[in-house]
Amino acid sequence: MPTADAHRSAHYARTLLDLVDRGTLPTRRLTRADDHLLTLLVAADDGLLPWVRSATLAPLAALSPGRRAKLLTTLALWLRHDGDVREVAQRVGLHPQTVRYRLQQLRDLLGDSALEGEQRFLLRLALVTAPRAR
């Protein structure tokens, strides 16, 4: 950042440290803001994030922790890899049909349009910014 914006840089650094302390970002020796721009952007209104997560992921709350974890892992990878079922299957060591089955379960739970458009973005946002297990 330009010297005139040093105060912003310090603010973002403090925000990153807070996000690491809260478990939103992983603990690392070095955390670079450039690697977490989306998380920094949405941290500007951190009261909104729990609402987004609750609204988008609420239908999964009733599932057993194991089933929920499997579906969320599949969903996160599917979103990260732009819907490439074969890539997701390879990453988690499953048959592509198993990934398709899990995606259908997610559609049944979240609604047919949940994996499209704005809802897809909100799901990605909810998963990217969710506190990580320590």
Side-chain angles (χ1 to χ4, degrees):
M1 289 192 152
T3 307
D5 289 334
H7 66 286
R8 290 177 193 242
S9 181
H11 170 74
Y12 298 143
R14 283 190 301 274
T15 302
L16 278 174
L17 182 58
D18 184 49
L19 291 168
V20 170
D21 288 344
R22 286 191 277 157
T24 302
L25 293 177
T27 303
R28 294 207 172 113
R29 189 170 160 222
L30 175 66
T31 301
R32 293 175 27 92
D34 285 351
D35 297 336
H36 304 285
L37 291 175
L38 175 62
T39 306
L40 268 175
L41 180 65
V42 297
D45 183 357
D46 64 351
L48 187 57
L49 287 176
W51 185 14
V52 169
R53 284 192 291 269
S54 175
T56 58
L57 301 175
L60 302 178
L63 301 177
S64 70
R67 183 165 178 229
R68 184 173 49 252
K70 287 177 184 178
L71 290 178
L72 287 174
T73 298
T74 301
L75 177 60
L77 286 169
W78 184 81
L79 291 167
R80 186 177 306 137
H81 296 288
D82 296 322
D84 186 338
V85 170
R86 293 191 186 282
E87 180 67 23
V88 174
Q90 182 180 354
R91 297 249 176 197
V92 291
L94 296 172
H95 190 279
Q97 188 58 36
T98 303
V99 173
R100 287 186 194 93
Y101 174 71
R102 287 184 183 178
L103 290 169
Q104 186 57 53
Q105 289 178 315
L106 286 161
R107 281 186 185 90
D108 292 345
L109 289 164
L110 301 172
D112 287 334
S113 63
L115 302 182
E116 300 170 6
E118 185 176 320
Q119 282 303 116
R120 182 175 175 155
F121 173 77
L122 289 174
L123 281 169
R124 178 99 166 101
L125 183 63
L127 293 172
V128 166
T129 62
R132 297 166 192 261
R134 290 196 179 226

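Positions are given from 1, in the same order as the sequence printed here.
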Nearest 0.5 Å please: distance from the [atom1] atom of [X] over to the [atom2] atom of [Y].
X	Y	atom1	atom2	value
L75	R107	CG	CZ	10.0 Å
Q105	L103	CD	CG	9.5 Å
D21	T27	CG	OG1	8.0 Å

Sub-3.5 Å donor-acceptor pair from the side chain of [X] to the main-chain atoms of [Y], do we have one?
X	Y	value
R68	A61	yes
T56	V52	yes
S64	R67	yes

In the structure I gave you, are the side-chain heavy atoms of [X] and [Y] within less than 4.5 Å of one another anywhere?
X	Y	answer
L60	L106	yes
L123	L57	yes
D18	T24	no
L37	L41	no

Under the side chain to side chain contact (heavy atoms under 4.5 Å, CB included) test against R100, which residue among L94, V85, V88, T74 passes? V85
Short side-chain donor-acceptor distance under 3.5 Å, Y101 and Q97: no
Looking at every non-hydrogen atom in both residues, tell me the closest pair between [X] and [Y] and how far apart they are.
X	Y	answer
E116	D112	OE2-O, 4.1 Å
L110	P59	CD2-CG, 3.8 Å
H36	L25	ND1-CD2, 3.2 Å
A89	H95	CB-C, 4.0 Å

Check this for me: R8, atom CZ, are more than 12 non-hydrogen atoms of other residues, nucleotides or ligands nearer than 6.0 Å? no
Greater than 12 external heavy atoms within 6.0 Å of E118's CD: no
Run the side-chain contact (heavy atoms from CB on, under 4.5 Å) test on L109 and L63 for me, step by step, so that the C-alpha distance in whole Å, both residues' side-chain angles and the decisive distance to 0.1 Å come before the verdict. CA-CA 10 Å; L109 289 164; L63 301 177; 3.8 Å; yes
Please answer: with hydrophobic residues joined when any side-chain heavy atoms are less than 4.5 Å apart, are [X] and [Y] in the same cluster?
X	Y	answer
L79	L122	no
L77	F121	no
L16	V20	yes

Quick one, T31 with L17, criterion side-chain contact (heavy atoms from CB on, under 4.5 Å). Give me CA distance, side-chain angles, the key distance, then yes/no. CA-CA 8 Å; T31 301; L17 182 58; over 6 Å; no
Lys/Arg cation over aromatic W78: R91, 6.0 Å, 45° cone: no
